[in-house]
*Asks:* 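Quick one: this structure, given as structure tokens, is what I'll be asking you about.
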Amino acid sequence: MILAACFIVVGLAVVIAMGAAAFRQGQAASSGSVTTTGQASIGGPFAMVDQDGRPVDQRILTGKWSAVFFGYTYCPDVCPATLQTLAAAAQRLGPAAKDFQVVFVSVDPARDTPAQLKAYLSSQAFPRRTIGLTGTDQQVAQIAKAYRVYYGKSGAGPGYTVDHTAAIYLMDPQGRFSIVLADSLGPDRIAQLITDAERRG
């Protein structure tokens, strides 16, 4: 299971839900090989709003390999670092990058309006054409449940943080779960794992 040091936690329920998929991903990271299951109960229908204010659903995952990552724009370090790692990994994909996209799902809908997401994701350091998703509390809860993601507000006042699962879910062009990625693997290894998954179809 993927853990991050600052403001990121993974609950026991998430560990159980991801089960063998997370275990096999840990084997892949240590052995240099990759095992895909395609059977983990991760992903499913959702209804959100993108950074342009347009209603979107799970069909945005169709036709491309998608790295789905949950975070929030006020995250002090882990979220921007992960997006930077994914940007570097995308560059290493070469021409295949046209068939890859990053989907950043906010777990802080109170502050992450579409306009806030759009401004945040416009950073040159982040992946180009990243899709940002936000919505109502209920919509965020629905997609978090579908992806077995834990999140919870920490602290009070305007400077609160949000604890959340630190995992990158690679979804295939049919919107099905493929493997779990960790930004700690680095851009080269992440790009290789994405390439391997694409070759396996």
Side-chain angles (χ1 to χ4, degrees), residues 2 4 8 34 42-43 46-109 111-135 139-140 143-144 147 149 162 164-201:
I2 301 168
I8 306 294
V34 58
I42 295 173
F46 59 82
M48 303 288 285
V49 176
D50 70 13
Q51 68 263 48
D52 292 314
R54 296 174 300 199
V56 296
D57 59 24
Q58 65 278 1
R59 288 175 291 184
I60 62 170
L61 304 179
T62 303
K64 290 182 180 289
W65 287 86
S66 303
V68 179
F69 173 64
F70 289 74
Y72 64 112
T73 66
Y74 290 84
C75 181
D77 45 24
V78 175
C79 298
T82 299
L83 287 168
Q84 290 170 22
T85 297
L86 287 171
Q91 290 178 345
R92 286 158 173 76
L93 291 176
K98 65 181 176 58
D99 298 316
F100 172 73
Q101 65 183 2
V102 175
V103 179
F104 179 74
V105 185
S106 173
V107 292
D108 185 16
R111 293 183 295 190
D112 285 346
T113 63
Q116 172 65 20
L117 271 177
K118 188 167 187 174
Y120 181 75
L121 296 174
S122 68
S123 170
Q124 298 277 333
F126 294 166
R128 298 178 62 188
R129 297 180 297 278
T130 294
I131 299 173
L133 299 182
T134 188
Q139 288 172 325
V140 173
I143 190 172
Y147 281 81
V149 166
V162 182
H164 61 89
T165 302
I168 304 165
Y169 303 99
L170 185 65
M171 312 298 286
D172 73 14
Q174 287 73 49
R176 300 172 304 196
F177 170 72
S178 178
I179 57 174
V180 179
L181 302 169
D183 77 312
S184 59
L185 295 173
D188 290 330
R189 183 62 181 143
I190 287 176
Q192 186 59 60
L193 289 172
I194 294 170
T195 300
D196 290 348
E198 290 176 343
R199 288 172 178 165
R200 288 170 171 79

*Asks:* Working to the nearest 0.5 angstrom, can you tell me the gap between Arg128 CZ and Gln91 CD?
*Replies:*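 So the CZ of Arg128 and the CD of Gln91 are separated by 9.5 Å.
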*Asks:* Working to the nearest 0.5 angstrom, can you tell me the gap between Ile131 CD1 and Met48 CE?
*Replies:*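 It is 12.0 Å, given to the nearest 0.5 Å.
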*Asks:* Given side chains that start at C-beta, do those of Leu83 and Leu121 come closer than 4.5 Å, heavy atoms only?
*Replies:*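 In contact.
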*Asks:* Going by distance alone, is a donor N or O of one side chain under 3.5 Å from an acceptor N or O of the other, for Gln192 and Asp188?
*Replies:*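 No, no side-chain donor-acceptor contact under 3.5 Å.
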*Asks:* Which heavy-atom pair separates Pro80 from Cys75 by the least distance, and what is that distance?
*Replies:*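 That closest heavy-atom pairing would be CD-O, 3.7 Å.
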*Asks:* Say you draw a straight line from OG of Ser184 to CZ of Arg189; how long is it, rounded to the nearest 0.5 Å?
*Replies:*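 Result: 11.5 Å between the selected atoms.
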*Asks:* Step by step, work out the side-chain contact (heavy atoms from CB on, under 4.5 Å) result for Leu86 and Asp183.
*Replies:* CA-CA 8 Å; Leu86 287 171; Asp183 77 312; over 6 Å; no
*Asks:* Nearest 0.5 Å, please: how far is OG in Ser106 from CD in Gln139?
*Replies:*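 One finds 12.0 Å between CD of Gln139 and OG of Ser106.
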*Asks:* Heavy atoms only: give me the nearest Val68-Met171 pair and the separation to one decimal.
*Replies:*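 It is CG2-CG, 3.8 Å.
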*Asks:* Taking all non-hydrogen atoms of both residues, which atom of Ala89 and which atom of Ile190 are closest, and how far apart?
*Replies:*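 Taking every non-hydrogen atom into account, CB-CG2, 3.8 Å.
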*Asks:* Does Ile42 offer a backbone N or O that forms a donor-acceptor pair with the side chain of Tyr169 under 3.5 Å?
*Replies:*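 Pair absent, no side-chain N/O of Tyr169 close to backbone of Ile42.
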*Asks:* Enter the distance from Leu181:CG to Ile194:CD1 here, rounded to the nearest 0.5 Å.
*Replies:*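 The CD1 atom of Ile194 is 5.5 Å from CG of Leu181, to the nearest 0.5 Å.
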*Asks:* If you take all heavy atoms of Ser66 and Gln101, which pair is closest and at what distance?
*Replies:*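 Nearest pair, atom of Ser66 first, then Gln101: OG-NE2, 2.9 Å.
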*Asks:* Looking only at heavy atoms, which two atoms of Ala167 and Val180 are closest? And how far apart?
*Replies:*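 Heavy-atom minimum between the residues: CB-CG1, 4.2 Å.
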*Asks:* Could you tell me how the ring of Phe70 sits relative to the ring of Tyr147: parallel (under 30°), tilted (30 to 60°) or perpendicular (over 60°)?
*Replies:*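 Judged by the thresholds at 30° and 60°, the geometry between Phe70 and Tyr147 is tilted.
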*Asks:* Could you grab the distance from atom CZ of Phe100 to atom CD of Glu198, nearest 0.5 Å is fine?
*Replies:*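 Reported to 0.5 Å precision, the distance equals 8.5 Å.
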*Asks:* Between Cys79 and Tyr120, is there a side-chain heavy-atom distance shorter than 4.5 Å?
*Replies:*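 Yes, their side chains come closer than 4.5 Å.
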*Asks:* Could you pull out the closest heavy-atom pair between Ile168 and Ala67, with the gap in Å?
*Replies:*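 Heavy-atom minimum between the residues: CG2-CB, 3.8 Å.
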*Asks:* Quick one: side-chain hydrogen bond (donor to acceptor under 3.5 Å, both in side chains) pairs with a partner in residues 49-63, sequence neighbours left out?
*Replies:*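 Sorted result for residues 49-63: Asp50-Arg54, Asp52-Arg54, Asp52-Lys118, Asp57-Arg59.
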*Asks:* Are Thr73 and Arg111 close enough that some pair of their side-chain heavy atoms sits under 4.5 Å apart?
*Replies:*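 Of all side-chain heavy-atom pairs linking Arg111 with Thr73, none is under 4.5 Å.
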*Asks:* Return the orientation label for the Phe69 and Phe104 ring planes: parallel under 30°, perpendicular over 60°, tilted otherwise.
*Replies:*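 The rings of Phe69 and Phe104 sit tilted, inter-plane angle from 30° to 60°.
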*Asks:* Using the side-chain contact (heavy atoms from CB on, under 4.5 Å) rule, pick out the option among Thr134, Asp112, Ile143 that qualifies with Val105.
*Replies:*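 Among the candidates, only Ile143 passes.
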*Asks:* Name all residues meeting the ring pair (Phe, Tyr, Trp, His ring centres under 6.0 Å) criterion together with Phe46; count only those two or more places apart in sequence or in a different chain, and write none if there are none.
*Replies:*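 With sequence neighbours excluded, Phe46 shows a ring pair (Phe, Tyr, Trp, His ring centres under 6.0 Å) to no residue whatsoever.
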